[in-house]
2 protein chains.
Amino acid sequence: MTHPTRAALEPIAWVSHASLEVLTGYLMKRAFNVIHADLVITLETFGLRTITFSALVMVVDNPGITQTQLAQGLCIERSNLVVVVDELETNDLIARNPMPSDRRAYALTATPAGQLLRDRVLAAVHGHEARALAMLTAEERAVLNRLLRRIEGA
Amino acid sequence: MTHPTRAALEPIAWVSHASLEVLTGYLMKRAFNVIHADLVITLETFGLRTITFSALVMVVDNPGITQTQLAQGLCIERSNLVVVVDELETNDLIARNPMPSDRRAYALTATPAGQLLRDRVLAAVHGHEARALAMLTAEERAVLNRLLRRIEGA
DNA sequence: TATTGTTATACTCTATAACTATA
DNA sequence: TATAGTTATAGAGTATAACAATA
């Protein structure tokens with residue numbers, strides 16, 4: 001039909017998602033958006049963005065890590081990591097230490113302030129997830145996490 | 001410790017995710033990235049982006065929908081939808097029909113070409129998800145979809 | 001030659017404000 | 001006055017190329 005019928009031009013009551021809500025990618029994006037919006041608010045309190053939060057935690061968990069290794073761990077480009085490390089360094093949360101074995105690279109370490117902030121932020125983020133995922137039981141969340149980990153192949 | 005130990009400056013073997021891989025938001029982002037990368041490749045074949053794909057499907061499923069309603073359904077801003085509708089209209093996949101009842105609004109309908117493309121793309125996307133989620137059984141995928149739907153509250 | 005960190009750049013996605021024409 | 005569609009714009013996030021210092 002090249003010309004829509006009269007009925008087709010009437011305003012609809014509500015938007016049907018029928019064909020899309022069976023797609024895992026579609027559902028994952030929407031679920032992620034809900035969680036992420038609350039995470040951003042949680043992190044703002046500590047002056048952190050999602051990427052600086054993940055980077056800080058990873059540096060604390062991997063003292064001496066280089067920027068290339070950190071970028072690989074975070075699945076971002078080395079070039080994009082530079083401003084992330086700059087931001088954390090400016091706020092005295094991590095430090096770029098010269099490596100005697102390779103003078104091209106820096107060994108990243110968290111400062112005492114960075115380690116302290118990481119602990120506080122991590123607790124807050126666990127609280128955020130408890131809130132954002134309150135509709136799921138602990139077991140359901142464990143199932144969800146296990147399934148998500150298998151998708152990435154980790 | 002203000003000065004990192006010698007051992008802390010050694011290059012690490014591999015990056016530990018210990019503190020992050022228990023967070024659903026972190027796992028969801030990484031799992032989504034894997035699926036989304038393959039989806040983008042699948043849609044490129046049809047000259048579609050993620051957002052134009054979703055919009056096309058939603059217009060076919062909701063003939064006569066207005067742009068404001070479509071934006072709400074897609075969870076994007078009306079202003080950002082304009083170029084999406086432009087793109088689909090330019091490619092003769094959907095049409096902006098004047099609404100007699102409200103001359104400010106457009107009733108969006110899919111063209112025959114748009115309906116045809118939707119069917120072909122949707123089949124391809126189902127194939128893409130079968131590939132990207134091959135590590136999960138049909139039942140596991142159903143469980144995952146159900147959990148994701150509940151997070152969004154839909 | 002190859003790699004580390006870096007800069008510059010560009011492209012997508014997203015969010016906000018303001019405009020027009022209608023209601 | 002409020003709403004539908006539109007424009008302009010600015011901020012994130014992301015990807016690529018090229019460079020200096022070092023391996």
Side-chain angles (χ1 to χ4, degrees), chain A residues 9-12 15 25-26 29-30 32-34 36-37 39-41 43-44 47-55 59 64-90 94-108, chain B residues 9 11-12 25-26 29-30 32-34 36-37 39-41 43-44 47-55 59 64-90 94-108:
Chain A
L9 296 181
E10 295 284 12
I12 60 171
V15 184
Y26 177 79
K29 170 138 196 174
R30 293 173 79 104
F32 174 75
N33 282 348
V34 170
H36 189 247
L39 175 64
V40 168
I41 294 171
L43 294 177
E44 264 175 4
L48 293 173
R49 298 180 290 139
T50 312
I51 190 63
T52 51
F53 159 69
S54 298
V59 168
I65 193 174
T66 66
Q67 290 187 196
T68 295
Q69 289 172 325
L70 182 56
Q72 285 173 348
L74 294 169
C75 298
I76 67 170
E77 294 297 318
R78 278 177 308 154
S79 58
N80 292 327
L81 182 65
V82 175
V83 289
V84 172
V85 172
D86 284 349
E87 200 172 317
L88 291 171
E89 194 183 34
T90 299
I94 69 172
R96 284 178 166 104
N97 307 105
M99 289 184 74
S101 56
D102 187 341
R103 284 158 55 206
R104 294 171 302 180
Y106 291 124
L108 302 176
Chain B
L9 297 182
I12 60 171
Y26 177 78
K29 169 137 195 175
R30 293 174 78 104
F32 173 75
N33 282 349
V34 170
H36 189 247
L39 175 64
V40 168
I41 294 170
L43 294 178
E44 265 175 3
L48 292 174
R49 297 181 291 139
T50 313
I51 190 63
T52 51
F53 159 68
S54 299
V59 169
I65 194 175
T66 66
Q67 290 188 195
T68 296
Q69 289 172 325
L70 182 57
Q72 285 173 349
L74 293 169
C75 298
I76 67 170
E77 294 297 318
R78 279 178 307 153
S79 57
N80 291 328
L81 182 64
V82 175
V83 289
V84 173
V85 173
D86 285 347
E87 199 172 318
L88 291 171
E89 195 183 33
T90 298
I94 70 173
R96 283 178 166 105
N97 307 104
M99 289 184 75
S101 56
D102 188 340
R103 284 158 55 207
R104 293 172 303 180
Y106 293 122
L108 302 176

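Residue numbers start from 1 in every chain, and the chains themselves are labelled A, B, ... in the order their sequence lines are given, proteins ahead of strands. Treat the numbers as computed from the prediction; the structure is a model and nothing was measured.
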Rounding to a whole Å, what distance do you find between [X]:[atom1] and [N]:[atom2]?
X: B:Glu77; N: D:dG5; atom1: CD; atom2: P; answer: 14 Å
X: A:Arg30; N: C:dT14; atom1: CZ; atom2: P; answer: 12 Å
X: B:Asp102; N: D:dG5; atom1: CG; atom2: C1'; answer: 11 Å
X: B:Met99; N: D:dT3; atom1: CE; atom2: P; answer: 16 Å
X: B:Leu48; N: C:dT12; atom1: CG; atom2: C1'; answer: 16 Å
X: B:Gln69; N: D:dG5; atom1: CD; atom2: P; answer: 8 Å
X: B:Ile76; N: C:dT12; atom1: CD1; atom2: P; answer: 16 Å
X: A:Leu74; N: D:dA15; atom1: CG; atom2: P; answer: 13 Å

Is there a donor N/O on one and an acceptor N/O on the other, under 3.5 Å, for the side chain of [X] and the base of [N]?
X: A:Thr66; N: C:dT4; value: no
X: B:Asn80; N: C:dA15; value: yes
X: A:Ser79; N: D:dT16; value: yes
X: B:Arg104; N: D:dT3; value: yes

Exercise. Out of C:dT4, C:dT6, D:dG5, which has the shortest distance to the side chain of B:Ala105?
Worked result: D:dG5
Any side-chain N or O of [X] below 4.0 angstrom from OP1/OP2 of [N]?
X: A:Arg78; N: C:dG5; value: no
X: B:Arg96; N: D:dT6; value: yes
X: B:Arg103; N: C:dA23; value: yes
X: B:Lys29; N: D:dG13; value: no

Exercise. So B:Gln69 and B:Thr66, side-chain hydrogen bond (donor to acceptor under 3.5 Å, both in side chains) or not? Walk me through it.
Worked result: CA-CA 5 Å; B:Gln69 289 172 325; B:Thr66 66; 3.3 Å; yes
Exercise. Are a donor atom and an acceptor atom from the side chains of A:Arg96 and A:Gln67 found within less than 3.5 Å of each other?
Worked result: yes
Exercise. Quick one: does A:Ser54's side chain have a donor or acceptor within less than 3.5 Å of a partner on A:Ile51's backbone?
Worked result: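 Side chain of A:Ser54 to backbone of A:Ile51, a donor-acceptor pair under 3.5 Å: no, none is there.
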For this session: For B:Thr90 and B:Asp86, indicate whether the former's side chain and the latter's backbone hold a donor-acceptor pair under 3.5 Å.
Result: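 It does hold such a pair.
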Exercise. Mapping A:Asn33 and A:Val85 onto DNA chain C by nearest heavy atom, which one lands closer to the 5' end?
Worked result: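 Mapping each residue to its closest nucleotide by heavy atoms, the 5'-most match is A:Val85.
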For this session: Please report the C-alpha distance between B:Glu87 and B:Arg49 in whole Å, then the side-chain angles of each, then the deciding distance to 0.1 Å, and finally whether the salt bridge (charged side-chain N to carboxylate O under 4.0 Å, His left out) criterion is met.
Result: CA-CA 10 Å; B:Glu87 199 172 318; B:Arg49 297 181 291 139; 2.9 Å; yes
Exercise. For DNA chain D, whose closest nucleotide is more 5', that of B:Val82 or that of A:Arg49?
Worked result: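 In this pair, the answer is B:Val82.
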Exercise. Touch check for B:Gln67, heavy atoms < 4.0 angstrom, all strands: base, sugar-phosphate only, or nothing?
Worked result: sugar-phosphate
